[in-house]
Number of protein chains: 2
Amino acid sequence: MVTETESGVEPRIPLSKERVLAAAVKVADEGAIDSLTMRNLAEELGVEAMSLYYHVANKDAVLDGVIDAIMAEIEEALGGFRVPEAGADWKTALRHRILTARQVMLRHPWAPSVFETRTTMSPVLVLYFEGLLGTLREGGFSYDLAHHAMHALGSRVLGFSQELFRPEDDAGDEVNDAMLKEMAEHLPYLVGMLTETAHDDPDSTLGWCDDETEFSFALDLILDGLERRIETA
Amino acid sequence: MVTETESGVEPRIPLSKERVLAAAVKVADEGAIDSLTMRNLAEELGVEAMSLYYHVANKDAVLDGVIDAIMAEIEEALGGFRVPEAGADWKTALRHRILTARQVMLRHPWAPSVFETRTTMSPVLVLYFEGLLGTLREGGFSYDLAHHAMHALGSRVLGFSQELFRPEDDAGDEVNDAMLKEMAEHLPYLVGMLTETAHDDPDSTLGWCDDETEFSFALDLILDGLERRIETA
DNA sequence: ACCTGAACACCGTTCAAGT
DNA sequence: ACCTGAACACCGTTCAAGT
């Protein structure tokens, strides 16, 4: 609702940090993550690349801002980071937090790769971790065990698993039966696994093998392990 | 031992793929990983950047080659990937393989970040995974469980843990007691953890919190969890 | 106060040309 | 067969200049 007192050429809403960051998320959502360049982002906003620097320190600041936008989505989905947790049931509380974060990641499949480039945590992120840590503490974890827990979970606390080799999805190298037979001589175990296990839930996927069942398996494995560690402490 | 029949100006050993890759590892070892640029690599070899392309397809090929060099080191440290494993004791066999890989990573702290950029596995890597998988299978894992195991372990099978936020070590933001008091009001749990847990084994470290004890904790947590899963299968 | 043009210092990479 | 010079298409970023 811009009042247009001037004789009506386009209103031209002035840029702002908020608009820049919102556009950045949009650019990333629409293209791949490498399409998020300063020049590209400027174009999306109908402006020259250099204008961005008036509102944002540099590209790193853009990426940090994008992360905060994602965290805001998670916070909203959770109804705040500091929801009162059922003290004893840290496990389902954690599980819920993490799987909610994962829903947000599934909406922005490029987000994990941005998280991976960040070196320091923004205030919102710190709050997120404070919430997780609080849940653990109230669930009976020592600080030491809680610390181990965070590291053992790694990126899973944010709802994604960092994968090592995720072949691009141009899928040039479809494996056919003839190849399998050939490989089977030298790689019996791998071929055995490939023929026996299959992934077929395309909707819950964040890259290669990170689908819902895979993610949950590892998550529960770790949570169960932690549970045993408190019990025997 | 270059025979120098020509009147003696520098022998000038001709370039080769091997020399290029060896130089690449050297450049990475000496500087940070971002010092590994084509121009920089060329300079190390006393040659123009464009000459590299005669021996190597592109930068991706250089990085793939560097990975293979690391894998060769691991293979050597292990005495081959296919060492006969004590069938039953998959756990110590796996543990040994992984901690040996980790020793190599500690010699090349930049290596994890290169692994993280790779999208497809080279033949040597495939062999490494075949070996791991074989160990699991011989230890009684179903293919399905073995598959889950690989994903749950993630980068840990190669001896490093992918960390999410590793603050640069210029350490500009030393935390002093005054700040801690101030933070304590809003972040009681985090401050509690920071003051209680400390890392002090600088030699076993691969970035921020990935030190030997942290790594082993998570590794054993997962291995123990897997052990339970076979038993109850 | 907000935006821009021209320019810089870096990338990886090509291609025709040199020995 | 092996190496190079000049050039291209991209980055992020600066700075003085425009309105």
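The basis for the numbers below is simple: all heavy atoms, side chains too, and nothing from hydrogens, waters or symmetry mates. Keep in mind the model is a prediction, meaning the values are calculated, not measured. Convention: sequence-line order gives letters A, B, ...; per-chain numbering from 1.
Looking at heavy atoms from C-beta onward, A:H96 lies in side-chain contact with A:L78 at the 4.5 angstrom threshold. For the pair B:E163 and A:S155, the minimum side-chain heavy-atom distance is 4.5 Å or more. Within the 4.5 Å cutoff, side-chain heavy atoms of B:F215 are placed close to those of B:I98. Inter-residue side-chain proximity for A:E212 and A:R102 is flagged as met; some heavy-atom pair is nearer than 4.5 Å. You'll find the side chain of A:L127 stays beyond 4.5 Å of the side chain of B:H186, heavy atoms only. Using a 4.5 Å cut-off on side-chain heavy atoms (C-beta onward), A:L153 and A:L219 make contact.
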Close N/O contacts between protein and nucleotides 14-19 of chain C (under 3.5 Å):
none

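When the P atom of D:dC10 is taken as reference, atom CE of A:M38 falls 18 Å away, rounded to whole Å. When rounded to the nearest whole Å, the span between CD of B:E43 and P of C:dG12 equals 13 Å. Between the CZ atom of B:R19 and the C1' atom of D:dC2 there is a distance of 13 Å, given to the nearest Å. At whole-Å resolution of the value, CZ in A:R39 and P in D:dC10 are 10 Å apart. In this structure, B:L63 atom CG and C:dG12 atom C1' are separated by 12 Å, rounded to whole Å. As rounded to whole Å, 12 Å separates atom C1' of D:dT13 from atom CG of A:L52.
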Ignoring hydrogens and angles, write down the donor-acceptor pairs under 3.5 Å from the side chains of residues 39-54 of chain B, residues two or more places apart or on other chains.
unit_1	atom_1	unit_2	atom_2	d
B:N40	ND2	B:S35	O	3.0
B:E44	OE2	B:K26	NZ	2.9
B:S51	OG	B:E48	O	3.2

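For the contact set between residues 27-34 of chain B and DNA chain C, defined by any heavy atom under 4.0 Å, there are no members.
Closest contact between the side chain of B:V47 and the listed nucleotides D:dT13, C:dG12, D:dC3 involves D:dC3. Considering only side-chain atoms of B:E48, the nucleotide from C:dG5, D:dT4, C:dC3 that sits closest is D:dT4.
Taking for each of A:Y54 and B:T37 the nucleotide of DNA chain C with the nearest heavy atom, the 5'-most of the two is the partner of A:Y54.
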Could you write out DNA chain D as a dot-bracket string, with dots for unpaired bases, | for bases paired across to another strand, and Watson-Crick or G-U pairs counted at under 3.5 Å? ||.|||||...|||||.||
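Listed by chain and residue number, nothing satisfies the side chain to side chain donor-acceptor pair (under 3.5 Å) test with A:Y128 (two or more places apart in sequence, or in another chain).
For residues 105-117 of chain A, the set of pairs meeting the side chain to side chain donor-acceptor pair (under 3.5 Å) definition, not counting sequence neighbours, comprises A:D29-A:H108, A:D29-A:W110, A:E73-A:R107, A:E73-A:H108.
Taking the six-membered ring where tryptophan is involved, the planes of B:F160 and B:F115 are tilted, since the angle between them lies from 30° to 60°.
Within the structure, every side-chain polar atom (N or O) of B:H55 is placed at least 4.0 Å from both OP1 and OP2 of D:dA1. Between B:S51 and D:dC2 there is no side-chain polar atom (N or O) within less than 4.0 angstrom of OP1 or OP2.
Heavy atoms of other residues, nucleotides or ligands lying less than 6.0 angstrom from CD of B:E76 number 12 at most.
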